[in-house]
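Throughout, a chain's letter reflects where its sequence line sits, starting with A, and its residues are numbered from 1. Quick caveat, the model's predicted, so the values are computed rather than measured.
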Number of protein chains: 4
Amino acid sequence: MIRAGIIGATGYGGKELIRILSRHPEVEITSLTAKLDAPVSISEVFPFFRGKVDMTCHPFEGTGVILPQVDVIFLALPHRVSMEIAPEFLARGKKVIDLSADFRLKDPEVYEAWYKVAHKERHLLENAVYGLPELYREKIKTASLIANPGCYPTSIILALAPLVREGRNPVELDDIIIDSKTGISGAGRSPSLTAHFPEINEDMLAYKVAGHQHTPEIEQELSNLAGRAIKITFTPHLVPITSGILSTAYLRLKKKIQWEALSVIYQDFYQGQPFIRLLPERTYPRVKNVVGTNYCEIGWQIDERTSRLLVISAIDNLIKGASGQAVQNMNLMFGFDEETGLK
Amino acid sequence: MIRAGIIGATGYGGKELIRILSRHPEVEITSLTAKLDAPVSISEVFPFFRGKVDMTCHPFEGTGVILPQVDVIFLALPHRVSMEIAPEFLARGKKVIDLSADFRLKDPEVYEAWYKVAHKERHLLENAVYGLPELYREKIKTASLIANPGCYPTSIILALAPLVREGRNPVELDDIIIDSKTGISGAGRSPSLTAHFPEINEDMLAYKVAGHQHTPEIEQELSNLAGRAIKITFTPHLVPITSGILSTAYLRLKKKIQWEALSVIYQDFYQGQPFIRLLPERTYPRVKNVVGTNYCEIGWQIDERTSRLLVISAIDNLIKGASGQAVQNMNLMFGFDEETGLK
Amino acid sequence: MIRAGIIGATGYGGKELIRILSRHPEVEITSLTAKLDAPVSISEVFPFFRGKVDMTCHPFEGTGVILPQVDVIFLALPHRVSMEIAPEFLARGKKVIDLSADFRLKDPEVYEAWYKVAHKERHLLENAVYGLPELYREKIKTASLIANPGCYPTSIILALAPLVREGRNPVELDDIIIDSKTGISGAGRSPSLTAHFPEINEDMLAYKVAGHQHTPEIEQELSNLAGRAIKITFTPHLVPITSGILSTAYLRLKKKIQWEALSVIYQDFYQGQPFIRLLPERTYPRVKNVVGTNYCEIGWQIDERTSRLLVISAIDNLIKGASGQAVQNMNLMFGFDEETGLK
Amino acid sequence: MIRAGIIGATGYGGKELIRILSRHPEVEITSLTAKLDAPVSISEVFPFFRGKVDMTCHPFEGTGVILPQVDVIFLALPHRVSMEIAPEFLARGKKVIDLSADFRLKDPEVYEAWYKVAHKERHLLENAVYGLPELYREKIKTASLIANPGCYPTSIILALAPLVREGRNPVELDDIIIDSKTGISGAGRSPSLTAHFPEINEDMLAYKVAGHQHTPEIEQELSNLAGRAIKITFTPHLVPITSGILSTAYLRLKKKIQWEALSVIYQDFYQGQPFIRLLPERTYPRVKNVVGTNYCEIGWQIDERTSRLLVISAIDNLIKGASGQAVQNMNLMFGFDEETGLK
């Protein structure tokens with residue numbers, strides 16, 4: 001039984017962490033904090049927890065109180081804030097799982113270019129492990145600091161990893177386009193005109209075109225896999241559903257290949273992965289199949305007329321795209337069964 | 001051709017007014033103002049108007065600039081604010097159509113009890129005309145100040161007026177229950193947690209139970225019709241659609257009556273009313289039939305087992321429940337055909 | 001470990017049963033059947049189950065094959081069909097949990113009047129137990145045949161039971177009105193114009209006004225509680241969300257009473273009930289708080305101006321309103337912890 | 001005043017045609033027919049028309065009755081059916097506007113390859129004019145038979161035409177990818193599991209990947225513009241909203257170009273087009289801006305990192321994507337102002 005704390009417990013990432021951890025047989029939630037004026041019952045913030053999770057969420061007033069209470073801390077915070085807090089936990093030997101972008105990009109210049117703020121904890125970047133178990137399971141097991149992947153990157157890297165891996169790739173690495181669609185919970189829990197029901201309901205739109213901050217994170221991981229620099233075109237869209245990401249990737253085939261040959265590549269790559277679901281031919285991912293779960297569903301199709309390959313993936317942006325994956329990482333870090341609390 | 005201004009042009013009421021008035025053959029919109037830091041193109045606020053309405057919306061800085069520009073002013077403002085502004089327009093002989101609650105309640109004590117603020121312009125209450133054309137058409141024609149009805153009251157008063165009118169009523173006047181359901185645009189355009197998409201989507205809830213401020217407005221008008229005091233039980237609910245109100249009223253029949261007899265009562269009462277749509281037997285209003293229109297759709301059914309009468313009505317909360325009705329009133333005040341711009 | 005079968009596995013009731021039972025530690029699903037032309041993988045019918053539930057759903061071709069395979073059979077069938085199948089299982093000593101209306105009404109004449117078909121198995125009605133654990137827990141434990149309650153009745157009976165119970169009731173028993181709103185999954189999984197997305201999306205409507213077949217079921221149970229005949233006015237509405245029922249009941253108070261006194265009545269009545277969630281004052285049920293769970297959330301408010309009492313409840317129509325409650329009943333029938341598989 | 005008939009009046013295309021034509025000052029609707037067992041009031045089929053359009057829709061029983069009643073006939077029929085009916089109207093000198101795919105593809109072999117049926121009226125293909133006024137206005141004016149464009153093709157061809165036109169194009173013509181998202185009304189009015197509310201609500205999916213029948217129509221028109229054969233990769237997605245298409249096109253730039261230079265190309269190409277709305281820099285189309293209108297909204301952005309150009313467009317699939325465009329064509333054919341009835 002380990003003790004877990006969450007900083008930033010009142011957002012959607014926090015909510016999902018509480019939901020999952022409160023049913024996790026190896027974990028006791030011992031600390032909930034957030035940017036608050038006064039303590040509040042977490043079941044008042046999220047009435048869904050009434051009668052199920054009876055805890056107080058306290059105003060975050062520094063790490064001092066929290067440090068002795070936890071073995072692992074989840075940081076469900078905006079970027080820039082995480083990097084100020086994480087070091088104190090690490091210094092005291094605590095495990096840190098950061099759901100922000102602060103430790104995902106290995107190159108602090110890239111971080112600065114996309115997040116418009118200098119990175120203050122460059123020395124930590126080297127030890128931070130990118131928390132995508134399908135790629136970094138062994139490193140995660142011994143990591144102290146996990147950079148939990150972004151929601152879009154999770155859906156996209158998992159869709160493309162088997163195809164771009166060094167030495168194997170049947171596709172042109174310089175011709176990758178990804179068109180992603182997300183539900184509105186991805187915009188967070190702070191009210192905004194963008195996420196105001198009468199504005200976004202019955203609407204669809206592209207946003208941050210050619211400029212979304214998840215782009216370098218996707219490129220970093222695809223480049224690592226390929227052993228060379230990869231640039232992608234990535235366009236996110238908002239769709240009026242609560243949860244879920246559907247990503248459609250467009251690739252150019254190097255040469256003619258059969259669906260089944262691609263199936264072998266995917267099957268090989270994801271052999272034994274508990275949360276990857278590969279679809280049969282002519283079957284495509286649906287958000288509904290994965291919402292509420294930690295699964296990533298992947299399907300592909302060859303467009304023979306244009307020699308292109310399409311890969312489609314679906315995840316729940318708050319689970320495999322955030323809190324579920326964070327718990328998956330925690331399970332690995334503490335030697336629990338990877339699926340505990342997630343199935 | 002008359003000149004119209006809108007104060008509070010950047011909310012949903014303002015948007016619908018602009019949409020309707022911009023196509024109205026007898027009206028030129030000459031002034032758009034709102035609580036703003038700087039002037040802004042209205043088509044930037046509402047991109048729907050791009051290429052159709054090219055006007056600047058200015059920060060509201062008092063009535064001085066507006067007064068000489070308009071023949072009629074629409075106040076799409078929060079209550080308490082309208083009563084500070086209306087007198088200046090009236091003093092200069094302008095017609096005022098107020099979409100707030102400030103001039104709806106004839107008794108300032110009742111206003112104070114429900115709106116928690118003292119009424120500063122009590123002398124205007126007498127001259128203000130409640131802008132429900134189906135009840136007050138003649139008075140509206142000569143009015144200077146229109147108190148445009150609330151959205152719930154419009155749906156409910158129109159549903160019940162024929163039944164509670166003095167000397168006619170086939171129902172017990174002390175046993176009236178109304179269960180209303182509204183879309184989220186009724187909550188206004190300011191972002192809030194209540195109207196945050198991921199919170200309200202796929203949800204339903206009752207709110208302000210036994211305490212909604214539209215209650216006295218409904219009671220005032222039903223009492224006027226009945227010639228005696230009427231109290232009602234009114235419960236509003238939020239439903240995750242953008243626009244529309246569905247009200248279900250539960251009444252107790254004084255004695256056995258046939259559906260057709262009620263039909264006669266409704267047909268008589270609403271003879272010649274252009275925006276009332278009475279439904280045939282066993283047919284009930286649907287929000288979708290009226291959204292985007294100025295119609296109020298009404299249907300009724302007798303529950304013979306319990307001697308109750310159910311009356312159901314549907315309107316678009318922003319049109320017949322606000323801006324459409326405001327234009328209907330304007331048409332009457334200026335002698336235009338009542339339906340101009342609304343069909 | 002018991003063996004469970006589901007007849008009618010391809011509808012929404014069946015889907016939820018599979019979801020819950022497949023994670024139930026004391027149950028093995030041994031038979032899935034439905035009206036089908038050919039066997040089909042259940043994960044093809046419901047791709048949500050891919051990789052989680054790998055079973056074949058067979059065409060239902062009589063009970064012969066199923067009988068030796070199960071200890072309990074769930075009938076997720078249309079009414080009229082259940083009563084033809086249930087006797088064969090009962091005759092072989094199997095437990096039967098029927099999700100249809102066939103065994104809910106004790107009086108076969110009432111069944112015939114509302115369902116327009118004669119009841120063929122009148123002798124079974126006496127032994128059938130109405131499967132609402134909060135009222136009939138002890139009887140359920142020894143029952144062979146459970147008439148699993150309807151979705152609306154569950155939400156309404158639970159909301160009103162403490163108030164109508166004999167000798168206690170603070171409300172007039174002849175003045176009960178219930179306005180319910182349901183999500184579209186309540187219409188079942190067969191495509192229809194009513195449930196066609198472009199028709200029902202952004203719409204709201206009342207249906208089966210003064211004539212819904214759940215009315216006598218509600219009246220039977222409230223009458224049993226009161227020890228005298230009770231008639232109600234019940235109006236169901238369709239709201240464009242997938243799951244959830246919100247019921248708002250309007251009652252007349254016999255005499256002045258405080259919120260807290262009602263709270264005592266509710267607390268007493270529901271003492272120790274694991275799936276009832278009573279809300280604090282001025283807090284009202286939201287569908288979102290219960291969707292995906294077996295909870296029924298209940299809140300109430302006094303309208304002092306009109307001496308009325310409002311009681312509001314929320315359930316997931318497919319869980320506490322159908323399959324979750326069916327499993328709750330199964331748990332009781334087989335001596336498992338009542339909450340197993342449901343929390 | 002011309003006389004118009006609609007065959008297939010009970011689908012969504014028919015509904016929008018009735019809505020627009022009933023307010024069109026130059027048109028009288030004289031015939032409504034559909035596949036029906038008995039005549040039905042159109043306001044019973046679409047209660048939205050109650051009190052506004054009082055016409056009977058008759059069972060289609062051949063063209064004999066209709067021929068003398070109309071000057072123009074709209075065919076809102078499934079493909080294959082239109083080509084059986086159109087010739088009879090043409091033979092009698094009537095104008096035909098066909099909303100199906102039957103006369104869109106100039107090459108009957110291509111039609112057969114994608115629609116899996118032989119083309120029976122090959123001789124008509126030559127005279128049929130593809131009804132996209134922005135490309136074929138002059139031809140439309142004198143045409144007898146209009147092949148009204150598909151919804152996806154309208155959104156895509158309008159987005160790309162200025163870029164692929166012969167001699168001008170700044171993009172690689174062999175590297176065009178289009179990712180489109182449509183609302184559910186695109187699936188038609190016949191109930192299906194795909195469009196069943198509880199199935200598609202809160203879901204997203206790709207469908208007909210690498211095989212949608214609109215692909216050759218898009219290619220034909222882009223090829224015509226370019227003066228050489230163009231193949232595209234086109235993927236449609238379903239999104240749970242009622243109406244609207246958002247298309248995101250991914251192109252590769254031949255050489256560096258500024259946003260403003262592209263703006264000049266678009267402005268030149270669409271000079272004076274009444275229903276094209278070009279957006280300013282860093283502003284992107286939203287479905288909500290065009291739903292209920294005949295507009296096509298277009299925006300673009302350069303991804304400098306990858307030398308790609310993104311073009312995004314939005315239309316209402318039932319208006320500019322079907323019935324609105326059909327009326328725009330009718331206006332041109334009969335010499336009315338092109339915008340009549342559409343603004």
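In this pair, D:Y152 and D:Y207 present their aromatic rings tilted. The plane angle is within the 30 to 60° band. Ring orientation note: the planes of A:H79 and A:Y111 are nearly perpendicular, at an angle over 60° on the 30°/60° scale.
Using a 4.5 Å cut-off between heavy atoms, D:I178 touches chain A through its backbone atoms (N, CA, C, O) alone. Residue contact with chain D, scored on non-hydrogen atoms closer than 4.5 Å, is absent for A:I184. Contacts between A:I176 and chain D at a heavy-atom distance below 4.5 Å involve the backbone alone (N, CA, C, O). D:E219 touches chain A through its side chain: at least one heavy atom from C-beta onward sits under 4.5 Å away, while N, CA, C and O do not.
Side chain of D:E221 to main chain of D:I157: no donor-acceptor pair is present (N/O by atom type, distance under 3.5 Å, no hydrogens or angles). Proximity of a side-chain donor or acceptor of A:H237 to a complementary backbone N or O of A:S180 within less than 3.5 Å is detected.
Considering only heavy-atom pairs separated by less than 4.5 Å from chain D, the leading option among A:V239, A:D203, A:I177 is A:D203. Comparing D:V209, D:T242, D:L246, D:L205 by how many heavy-atom pairs each has under 4.5 Å with chain A, the most go to D:V209. Among A:A314, A:P240, A:A210, the residue making the largest number of heavy-atom pairs under 4.5 Å with chain D is A:A210. Interface summary for chain D: among A:L238, A:T248, A:I200, A:I312, the most heavy-atom pairs under 4.5 angstrom belong to A:T248. Your options are A:R252, A:E304, A:R282, and the one with the most heavy-atom pairs under 4.5 Å with chain D is A:R252. Of the listed residues (A:V291, A:N289, A:N201), the one with the most heavy-atom contacts under 4.5 Å to chain D is A:N201. Ranked by heavy-atom pairs under 4.5 Å with chain D, the first of A:E199, A:K231, A:M204 is A:M204.
Applying the side chain to side chain contact (heavy atoms under 4.5 Å, CB included) test between D:W300 and each of D:I265, D:L310, D:L309, D:L163 identifies D:L309 as the sole match.
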Does the side-chain contact (heavy atoms from CB on, under 4.5 Å) test come out yes or no for A:T235 and D:Y284, once each step is laid out? CA-CA 12 Å; A:T235 313; D:Y284 307 109; over 6 Å; no
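A salt bridge links D:R228 and D:D174; the closest N-O separation between the charged side-chain nitrogens and carboxylate oxygens is under 4.0 Å. With respect to D:R308 and A:D175, a salt bridge is recorded, a charged nitrogen being found less than 4.0 Å from a carboxylate O.
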